[in-house]
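It should be emphasised that the depicted structure is a prediction, and the values quoted were computed from it without experimental measurement. Side chains are part of it too, since the values below use all heavy atoms of this structure and drop only hydrogens, waters and symmetry mates.
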Amino acid sequence: MSMESSVIEHMEMDEDDSFAFCEGDGAFHSAFEDDFEQTLAMLDMDVEEVMIGVENSHEEVEGNKQFPCEFCEKICKSKGGRTKHQRSKHMAELEESSTSSSTRDVVITMDKTRDIIRDIGRYLTDEKLYKPEQAAEVFKLEPSETFVKFLNDLLLKLKRKKSKDKFLKEFYGNTNANWHEYFHPYPDKKMVFLMLIHLPERLLICIEQDKGPSDSEEEISLSLQEHGPLSYLAGYVIRSFVSKKGGLWSPHSWRVSIMEVSELVFRTHTNKDKVTRLPVDKIVNEVLASSLVKSLWCNIIANCDVEITKECQSLCLENIVKLYVTVRCFSFAKDIVNKYKSSEGVKGKKALRKDLKKASSELKY
């Protein structure tokens, strides 16, 4: 009789259609029983003892190594032995080492959070984007320990995953739900979010500070006198998507801030001695990638009365920014043409076209 048939004879089916092992198969039954008993014995052991035993076995297979203790001169034969020694002789040192390791994971502290909020208050006061009494309310905001812990966990996650979109989504989703707890007992949600829309950009600076100083570039900014025309142009852009009729629109300050970022990016690309082309798509993409623009837009969407799909949200923002950049490119090009006319004394459009055509043909040869 073959081995397979002898094994099969010692197996019979239970009523529940499962295999039962008979006592006749002594060798097979005893081996299974021994493994099972060893497994039950391991379940009764302490988890740390099991891990130390596994580490010791691993070291025995790999060879004889030395494992010095970090806190004394003792040399252990295995990593498990060193772990057991440190837990019995150096528990205080281990706790201190664990504490110092956790402090290295702190990205932002309570004092730093307060400083950032006060800095936002000073920025809103200096820029005069809001009423003085509104900007003054920002200085009254006092962050809670829960809010600082949330920021710290979020920044640590950003350092690992490096996804600004997820960072902003979680930031605004969480703060919108828990703002009262984060800034208790301050009651005005509007004032809290007035500060929060400017906070993510400054939090990202905390992450980027470790990268080292970047090359110094000429600072590009808007003067106070330029905010009026910028608001007018922002109102024109928003009105163009709603109505083709004339009339002035007064845009919300968040939308004006988006246009301000767009203007600064536009000036960065056109702040050159000779501009040969206007990269509209590149400018638009840089504006859309701005953390401040994403923050402002997320806040605008969060305060909408209707539900908007993610695709529609992205398209609306892209079209608004693209229209603004297109209008600015047109005015920029027209300004260059007018300056050329003025310097060359050209009076007619045809003469200008001839001169430009002649100049371009001379450049080719």
Side-chain angles (χ1 to χ4, degrees), residues 129 158 161-173 175-176 193-194 196-205 208 220-222 226-227 229-272 275-335:
L129 298 176
L158 176 64
K161 298 184 178 180
K162 303 185 184 303
S163 175
K164 292 183 180 180
D165 290 335
K166 292 182 179 179
F167 166 79
L168 292 171
K169 182 179 180 180
E170 186 172 350
F171 175 85
Y172 281 109
T175 52
N176 187 54
F193 272 85
L194 178 63
L196 287 177
I197 61 174
H198 298 278
L199 185 58
E201 185 179 26
R202 287 164 171 79
L203 291 176
L204 292 174
I205 295 176
E208 296 172 355
I220 299 175
S221 60
L222 294 175
E226 291 176 311
H227 282 286
L230 181 69
S231 298
Y232 176 86
L233 185 53
Y236 166 80
V237 170
I238 300 301
R239 189 206 69 194
S240 299
F241 287 99
V242 180
S243 173
K244 298 300 181 181
K245 297 180 181 180
L248 296 176
W249 281 45
S250 178
H252 193 279
S253 58
W254 295 339
R255 295 182 177 88
V256 176
S257 297
I258 291 177
M259 302 308 173
E260 182 178 350
V261 175
S262 304
E263 179 64 24
L264 293 175
V265 174
F266 175 82
R267 293 188 182 188
T268 301
H269 284 272
T270 56
N271 188 29
K272 302 174 183 177
V275 180
T276 56
R277 59 186 298 271
L278 296 171
V280 176
D281 292 336
K282 188 174 181 179
I283 295 173
V284 171
N285 290 335
E286 284 191 27
V287 174
L288 296 178
S290 168
S291 58
L292 178 57
V293 169
K294 291 179 180 179
S295 302
L296 292 164
W297 190 247
C298 286
N299 203 38
I300 291 172
I301 297 299
N303 285 271
C304 285
D305 296 332
V306 295
E307 186 176 351
I308 306 174
T309 62
K310 291 184 178 180
E311 183 180 3
C312 185
Q313 293 175 21
S314 301
L315 287 174
C316 285
L317 178 59
E318 182 180 352
N319 287 332
I320 289 172
V321 173
K322 193 165 187 176
L323 178 57
Y324 179 87
V325 174
T326 302
V327 172
R328 284 295 287 116
C329 287
F330 176 78
S331 63
F332 181 82
K334 189 173 182 180
D335 185 56

Side chain proximity check, [X] to [Y], heavy atoms < 4.5 angstrom:
| X | Y | value |
| --- | --- | --- |
| I258 | I300 | yes |
| F266 | V287 | no |
| L233 | Y236 | yes |
| L317 | V293 | yes |

Mind checking the [atom1]-[atom2] spacing from [X] to [Y]? Nearest 0.5 Å is all I need.
| X | Y | atom1 | atom2 | answer |
| --- | --- | --- | --- | --- |
| H227 | L222 | NE2 | CG | 5.5 Å |
| C329 | H269 | SG | NE2 | 10.0 Å |
| Y324 | I238 | OH | CD1 | 12.0 Å |
| K169 | K294 | NZ | NZ | 13.0 Å |
| L323 | E318 | CG | CD | 12.5 Å |
| I197 | T175 | CD1 | OG1 | 11.5 Å |

So L158 and L204, side chain to side chain contact (heavy atoms under 4.5 Å, CB included) or not? Walk me through it.
CA-CA 9 Å; L158 176 64; L204 292 174; 3.4 Å; yes
Donor + acceptor pair across side chains of R328, S331 (<3.5 Å)
yes
Check the orientation of Y172 and F193. Use parallel for under 30°, tilted for 30 to 60°, and perpendicular for over 60°.
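Plane angle under 30°, so parallel.
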Mind listing the closest non-hydrogen atom pair of [X] and [Y] along with its distance?
| X | Y | answer |
| --- | --- | --- |
| T326 | K322 | OG1-O, 2.7 Å |
| L292 | H198 | CD1-ND1, 4.4 Å |
| L168 | S291 | CD1-O, 4.1 Å |
| Q313 | W297 | O-NE1, 3.2 Å |
| G235 | P251 | N-CG, 3.8 Å |

Look at atom CZ of F332 and say whether more than 12 heavy atoms of other residues, nucleotides or ligands are closer to it than 6.0 Å.
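Count over threshold, so yes.
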Begin from the C-alpha positions of V306 and I308 and carry the test side chain to side chain contact (heavy atoms under 4.5 Å, CB included) through to its verdict.
CA-CA 6 Å; V306 295; I308 306 174; 4.2 Å; yes
Check whether any side-chain N or O of N299 sits under 3.5 Å from a backbone N or O of S295 as a donor-acceptor pair, and report yes or no.
no
Could you tell me whether the side chain of S314 and the main chain of K310 form a donor-acceptor pair under 3.5 Å?
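Pair found, side chain donor or acceptor close to backbone of K310.
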Begin with the C-alpha distance, continue with both residues' side-chain angles, and end with the deciding distance and a verdict on salt bridge (charged side-chain N to carboxylate O under 4.0 Å, His left out) for E263 and R267.
CA-CA 6 Å; E263 179 64 24; R267 293 188 182 188; 2.8 Å; yes
